[in-house]
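Have a look at the structure below before the remarks.
This chain uses plain numbering: 1 for the first residue, then up along the sequence.
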Amino acid sequence: MNKKYSELAELFRSEKTDEEILDFLLNYHKNDIADMMAGMTEEERKRLYHLLGAQKVAEIFKYIEEPRKYIRELSVESAARVISEMDSDDAVDLLEDLDPEEKEQIVRMLDEDAKKDVKMLLSYDEEEIGSCMTTNYICIPENLTIRQAMSELVKQAGENDNIMTIYVVDEKGVFAGAIDLKDLIRARENAHLEDLVLKSYPYVTDHEKIDDCMDRILDYAEDSIPVLSEDKKILGVITSEDLIEMVDNEMGEDYAKLAGLTAEEDLKEPTLQSMKKRLPWLIILLFLGMAVSSVVGLFENVVAVLPIVICFQSLVLDMAGNVGTQSLAVTIRVLMDENLTGKQKFQLVVKEVKTGSLNGALLGIMALLCLGVYVHLFKGYTWMGAFGISGCVGVSLLVAMAISSAVGTVIPMFFHKIKVDPAVASGPLITTVNDLVAVVTYYGMAWLLLIR
């Protein structure tokens with residue numbers, strides 16, 4: 001890639017004519033040219049836009065993560081021509097990044113087909129599957145012959161390049177099924193088109209929530225899935241590329257929630273907006289933290305009699321938080337299966353508690369041995385006193401990790417039950433709740449085993 005970049009950069013800064021540069025550029029993949037644009041000056045990029053034309057620039061913009069910077073280098077008329085050549089979903093993604101005034105100006109200047117498609121996609125809520133579809137697909141009537149179907153495919157392929165799956169509609173325009181391109185190519189001329197149509201082909205409806213239908217789309221593993229209106233007419237398709245983008249966005253949102261955010265952030269987001277996303281959870285966690293601190297205060301007599309126990313508080317708290325977060329991650333992944341029975345959920349809780357208990361037992365034994373030696377050698381306690389303290393830490397680890405495993409499993413299940421995204425049961429929340437569990441367990445054990 002570096003070699004390609006160097007060649008392309010040198011080419012643009014050479015004395016070659018526009019025709020020579022264009023011939024050379026056509027040998028490169030659009031992604032290579034997109035990478036090259038980051039290292040070019042604005043004047044060089046404007047020369048590139050002029051050389052390639054609106055259609056090829058539109059194909060290159062598809063590979064640029066933030067095309068907003070480059071689209072602003074074009075005049076409004078040129079930007080409208082480029083966006084008109086883009087797939088409708090890519091065009092909408094780009095327009096959404098622009099300022100409202102810029103977006104309105106460009107939309108007004110789009111060609112009629114592009115304007116119609118863009119306005120349709122912009123009409124959907126961003127959580128609806130219709131907002132992610134593209135109108136780049138092939139659709140033919142079901143009453144055609146094989147020869148006519150091939151002719152129609154060739155005709156439409158000039159405008160729409162998603163040709164691997166051909167969608168079929170009846171005389172009323174209602175979705176009737178789909179044909180695999182290879183089946184149409186291999187079909188004999190005297191065969192019936194309807195014999196090639198897969199009538200049970202999967203589909204989604206335009207107002208379905210992305211979260212609700214993503215797993216269903218993934219299960220079918222098709223290169224594209226049609227998006228239908230309520231009256232079963234095709235509005236667009238979800239391609240495999242769209243699906244990858246949706247999964248990536250969903251993972252980003254879940255990651256944000258697991259970090260205690262209400263939504264994803266980006267580098268260009270204003271500080272005030274980032275504060276608004278983070279503050280709600282931080283307020284909740286503040287009060288939970290106060291509760292933890294209050295509980296610690298209840299055990300002042302334990303700390304007063306045996307100050308050394310405070311040295312190992314963070315050890316027990318951290319391990320309880322870690323195991324709870326592990327259980328949370330496993331549970332959220334399992335809950336993606338909407339067909340889980342009550343028995344399977346109970347088995348998951350039992351398994352996580354068992355795993356936490358066994359890990360707690362092993363770590364407890366290690367803590368008993370290692371901390372016992374440490375307390376005796378470096379704190380001056382007798383062997384019996386030292387192992388009494390390390391034994392308390394070990395037992396606390398066992399109990400706290402077992403309970404934390406249950407908490408990390410039950411809380412997301414509870415959120416899921418009340419129709420709240422289980423990812424909201426975020427890492428910080430689980431960790432804080434488990435801190436409370438660990439504090440009570442640790443100081444309670446110290447009071448029972450060492451003082452009382």
Whether the side chain of [X] engages the backbone of [Y] through a donor-acceptor N/O pair (distance < 3.5 Å, no angle test) should be reported.
X: H29; Y: N31; value: yes
X: S78; Y: L74; value: no
X: S151; Y: R147; value: no
X: Q344; Y: T341; value: yes
X: N136; Y: D161; value: yes
X: K115; Y: R108; value: yes
X: D170; Y: K172; value: yes
X: N160; Y: N162; value: no
X: S88; Y: T135; value: yes
X: E208; Y: T205; value: yes

So, for [X] and [Y], which heavy atoms are closest and what is the spacing to 0.1 Å?
X: L397; Y: A367; result: CD1-CB, 3.8 Å
X: G356; Y: S405; result: CA-OG, 3.2 Å
X: P202; Y: I225; result: CG-CD1, 3.7 Å
X: C139; Y: I234; result: SG-CD1, 4.2 Å
X: C213; Y: V204; result: CB-CG1, 4.0 Å
X: I138; Y: A157; result: CD1-N, 3.9 Å

Measure the [atom1]-[atom2] distance between [X] and [Y] for me, rounded to the nearest 0.5 Å.
X: E85; Y: D111; atom1: CD; atom2: CG; answer: 7.5 Å
X: F287; Y: M290; atom1: CZ; atom2: CE; answer: 5.5 Å
X: Q313; Y: S396; atom1: CD; atom2: OG; answer: 11.0 Å
X: S224; Y: I238; atom1: OG; atom2: CD1; answer: 9.5 Å
X: D23; Y: E19; atom1: CG; atom2: CD; answer: 8.0 Å
X: H192; Y: T145; atom1: NE2; atom2: OG1; answer: 11.0 Å

Please walk me through it: do V82 and F61 pass side chain to side chain contact (heavy atoms under 4.5 Å, CB included)?
-> CA-CA 9 Å; V82 169; F61 273 27; 4.3 Å; yes
In plain terms, say whether [X] and [Y] are close enough for a salt bridge, that is, a side-chain N and a carboxylate O under 4.0 Å apart.
X: E43; Y: R47; value: no
X: E142; Y: K199; value: no
X: D180; Y: K182; value: yes

Can you list the steps and then say if L288 with V292 is a side chain to side chain contact (heavy atoms under 4.5 Å, CB included)?
-> CA-CA 6 Å; L288 284 173; V292 173; 5.7 Å; no
Under 4.5 Å between any side-chain heavy atoms of [X] and [Y], yes or no?
X: T331; Y: P412; result: yes
X: K233; Y: V169; result: no
X: L196; Y: I146; result: yes
X: L94; Y: R68; result: no
X: V168; Y: I179; result: yes
X: K62; Y: E59; result: no
X: I83; Y: I71; result: yes
X: M133; Y: D89; result: no

Testing the 3.5 Å rule here: is there a donor-acceptor pair between the side chains of [X] and [Y]?
X: T239; Y: D242; result: yes
X: E152; Y: Q156; result: yes
X: E352; Y: S327; result: yes

How are the rings of F175 and Y167 set relative to one another: parallel (under 30°), tilted (30 to 60°) or perpendicular (over 60°)?
-> tilted
What residue pairs, at least two apart or across chains, pass ring-ring contact (aromatic ring centres under 6.0 Å, His included) with a residue in residues 128-153?
-> none
When you look at L193 and I140, which way does the side chain to side chain contact (heavy atoms under 4.5 Å, CB included) test go after all the steps?
-> CA-CA 11 Å; L193 187 68; I140 62 174; 4.1 Å; yes
Please tabulate, for side-chain N and O atoms in residues 122-130, each donor-acceptor pair with protein atoms closer than 3.5 Å (sequence neighbours left out).
from: S123; atom 1: OG; to: M120; atom 2: O; distance (Å): 2.4
from: Y124; atom 1: OH; to: D206; atom 2: OD2; distance (Å): 2.7
from: D125; atom 1: OD1; to: E127; atom 2: N; distance (Å): 2.9
from: E128; atom 1: OE1; to: D125; atom 2: N; distance (Å): 3.1
from: E128; atom 1: OE1; to: H207; atom 2: ND1; distance (Å): 3.3
from: E128; atom 1: OE2; to: H207; atom 2: ND1; distance (Å): 3.3

Determine whether more than 12 heavy atoms belonging to other residues, nucleotides or ligands lie under 6.0 Å from atom NZ of K209.
-> yes
Should E102 and R72 be marked as a side chain to side chain contact (heavy atoms under 4.5 Å, CB included) after you check the CA-CA gap, both sets of side-chain angles, and the distance that decides it?
-> CA-CA 9 Å; E102 292 177 305; R72 285 175 170 165; 2.8 Å; yes
Who passes side chain to side chain contact (heavy atoms under 4.5 Å, CB included) against R45, sequence neighbours left out?
-> M37, M40, E42, Y49, K69, Y70, E73
